[in-house]
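All ligand and atom numbering here is 1-based and tracks the order in the structure.
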Amino acid sequence: MKRWTAALVGLLGVAAALAAGHLVAALVGPPSSPFLAVGNTAIDFTPSPVKDFAVRTFGTYDKLVLLLGMALVLLVAALVAGLLSRRSPLPGTVLAVVLGLLGVAAVVYRPDLGQLGVLAPIASLVVGVAVFRALHARALRASAGPGPDAPDADAPDADAPDTDARRAGVDSEGRRRFLIASGATAVGAAVAGAGGQLLATRVDVEASRRAVGDLTPARPAPPIPATADFAGEGTPSFITPNRDFYRVDTALSVPRVRAEDWVLRVHGMVDRELNLRYDDLRRRDLVERTITMTCVSNEVGGPYVSTANFVGVPLRDVLREAGVRDGADQLLSTSADGWTAGSPVDVVMEEDRGALVALAMNGEPLPLEHGFPARLVVPGLYGYVSATKWVVDLELTTFAARKAYWLERGWGERGPIKVMSRIDSPKGLSTVTGRAVVTGVAWAQPTGVGKVELRSDGGPWQTAQLAEEVNGSTWRMWRAELDLPPGGHLVEVRATDADGVTQPQARVAPVPDGATGWHSVFFTIE
Ligand SMILES: Nc1nc2c(c(=O)[nH]1)N[C@H]1C(S)=C(S)[C@@H](COP(=O)(O)O)O[C@H]1N2
Ligand SMILES: [Mo]
């Protein structure tokens with residue numbers, strides 16, 4: 001058969017397989033859609049350095065890049081398998097089976113997909129093989145033209161123009177049938193895929209979130225003074241608007257849990273197992289805390305740090321209600337999609353730590369990407385050991401018994417946030433006219449920042465002016481005016497926490513427990 005025909009058959013086979021899987025997944029559990037399940041499993045198996053590179057390079061678009069990459073790989077595989085199948089349908093059949101089995105393996109591997117989930121990749125496999133082989137047979141028939149028993153083949157007396165005309169008639173009839181079958185497959189795949197997508201999002205989590213209404217805290221956080229940032233001079237605003245709040249997670253599709261369906265199970269080494277519903281929690285006296293969250297994979301000078309007013313229930317109260325047994329040193333929290341974090345029990349139980357089961361963020365229920373209906377927030381710990389979004393399970397256990405998601409991938413067991421500072425203005429390699437006003441942020445949760453110092457071109461350290469402190473678990477903005485002669489200058493910053501611990505100069509990569517080093521910026525004075 002012709003090349004384009006063979007390629008088209010390959011493409012349509014894969015499209016039909018994906019669409020069928022997506023549709024069946026919508027019925028048995030949306031995340032078992034083979035494309036998503038394989039993507040999520042790929043994330044779990046991606047070596048940490050590659051993951052760190054992806055987060056660093058693509059930021060919040062890391063997942064989009066992965067999905068596009070997978071689509072490209074599938075596209076190429078479909079085209080190649082199609083082209084290899086110009087004579088026999090075997091290569092394309094093998095591809096359909098291999099992709100289907102890959103889907104089965106991914107679904108079976110995922111901890112969050114029920115046993116029925118495996119039906120989705122099986123549907124992909126069966127439909128992929130069947131559609132590919134059916135189209136392939138039609139395409140072969142269309143391109144073979146009239147066979148030996150075609151009337152013109154043994155019609156020696158037929159005149160040449162007539163034979164050609166009849167052959168053309170048979171050819172175009174076969175081609176017409178093939179094109180109709182291809183078109184029908186394309187339309188069917190599109191309808192099944194779109195239908196699956198509609199069904200999958202029928203769990204109307206947006207409506208559930210809108211219906212939550214007011215989560216006003218009984219104990220609000222103190223208002224943020226206008227003097228808490230230097231936003232007019234280049235620092236971020238003290239409170240990060242939700243849409244700008246950094247996002248880091250392994251979820252290809254955001255888990256969709258309705259508040260009314262949500263249950264938080266507290267179990268393990270406890271005196272009483274608890275099953276808390278959303279309404280149980282929201283009816284309590286809610287507290288509000290201003291907290292700066294930080295990601296362990298943040299590079300020196302990086303953006304993965306943001307601040308919000310979180311409203312929720314003290315985690316300590318929930319754990320005390322359950323009664324933590326002696327010997328439990330790890331709080332293992334699990335999200336609706338199976339991700340886990342392990343927090344030190346002694347830290348989350350500290351009275352003035354202020355760890356929360358948070359329901360709201362900056363005056364609204366948690367945005368879906370930030371963990372609706374509920375998440376944990378523990379001041380002073382990096383997110384990977386504490387900040388479980390879409391949290392559904394709290395198990396009291398030991399570090400010896402259970403290893404959380406990132407621990408299995410080489411990251412440290414305890415993740416206290418390291419003292420850090422960052423220059424936000426001037427930008428690197430920019431040109432400044434006149435006097436240099438340098439501004440930025442520093443953080444040292446939960447201790448708080450005691451001092452920020454700057455130096456230019458390796459000269460003496462100069463103390464920066466600190467903005468008003470909000471609390472020890474939030475970042476602190478700073479500014480300094482430097483008297484610098486015209487020309488290029490390298491300015492470095494270092495912070496010291498309220499206990500006197502200074503940010504070390506030694507550059508250390510984020511793995512395994514957070515980056516260190518001084519941030520520096522080179523700019524020119526005009
Ligand atoms: N369910 C789930 N929760 C998660 C993660 C995740 O991958 N899955 N990532 C953690 C990490 S590494 C960080 S830094 C914070 C980021 O929270 P944010 O996206 O709301 O800023 O969430 C934490 N909670
Ligand atoms: Mo993180």
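In terms of polar-atom proximity, D249 is not counted as a contact of ligand 1, lacking any N or O under 3.5 Å from an N or O of the ligand. The shortest N or O to N or O distance between M293 and ligand 1 is not under 3.5 Å. By the 3.5 Å distance cut-off applied to N or O atoms, Y246 is counted among the residues near ligand 1.
If you look at Y382 next to ligand 1, there are no close heavy atoms at all, none under 4.0 Å. Residue contacts with ligand 1 for F245 involve side-chain atoms from C-beta outward but no N, CA, C or O (heavy atoms, distance under 4.0 Å). At a 4.0 Å heavy-atom cut-off, ligand 1 touches S335 through the side chain alone.
When hydrogens are left out, the protein atom nearest atom 9 (N) of ligand 1 is V248 O, 3.2 Å; that is the closest non-hydrogen contact. Counting only heavy atoms of the protein, atom 19 (O) of ligand 1 lies nearest to K389 NZ, 2.5 Å.
Here is the list of ligand 1 atoms found below 4.0 Å of a heavy atom in C295: 14 (S). For ligand 1, the atoms sitting less than 4.0 Å from at least one non-hydrogen atom of Y384 are 11 (C), 12 (S), numbered in the order shown with element in parentheses.
For Y384 and Y405, the distance between ring centers is not under 6.0 angstrom. In this structure, the ring of H370 has its center less than 6.0 angstrom from the ring center of F245.
Which of M361, R375, R247 comes nearest to atom 22 (O) of ligand 1 through a heavy atom is settled by distance: it is R375.
Looking at D497, its side chain never comes within 3.5 Å of a backbone N or O of T447 through a donor-acceptor pair.
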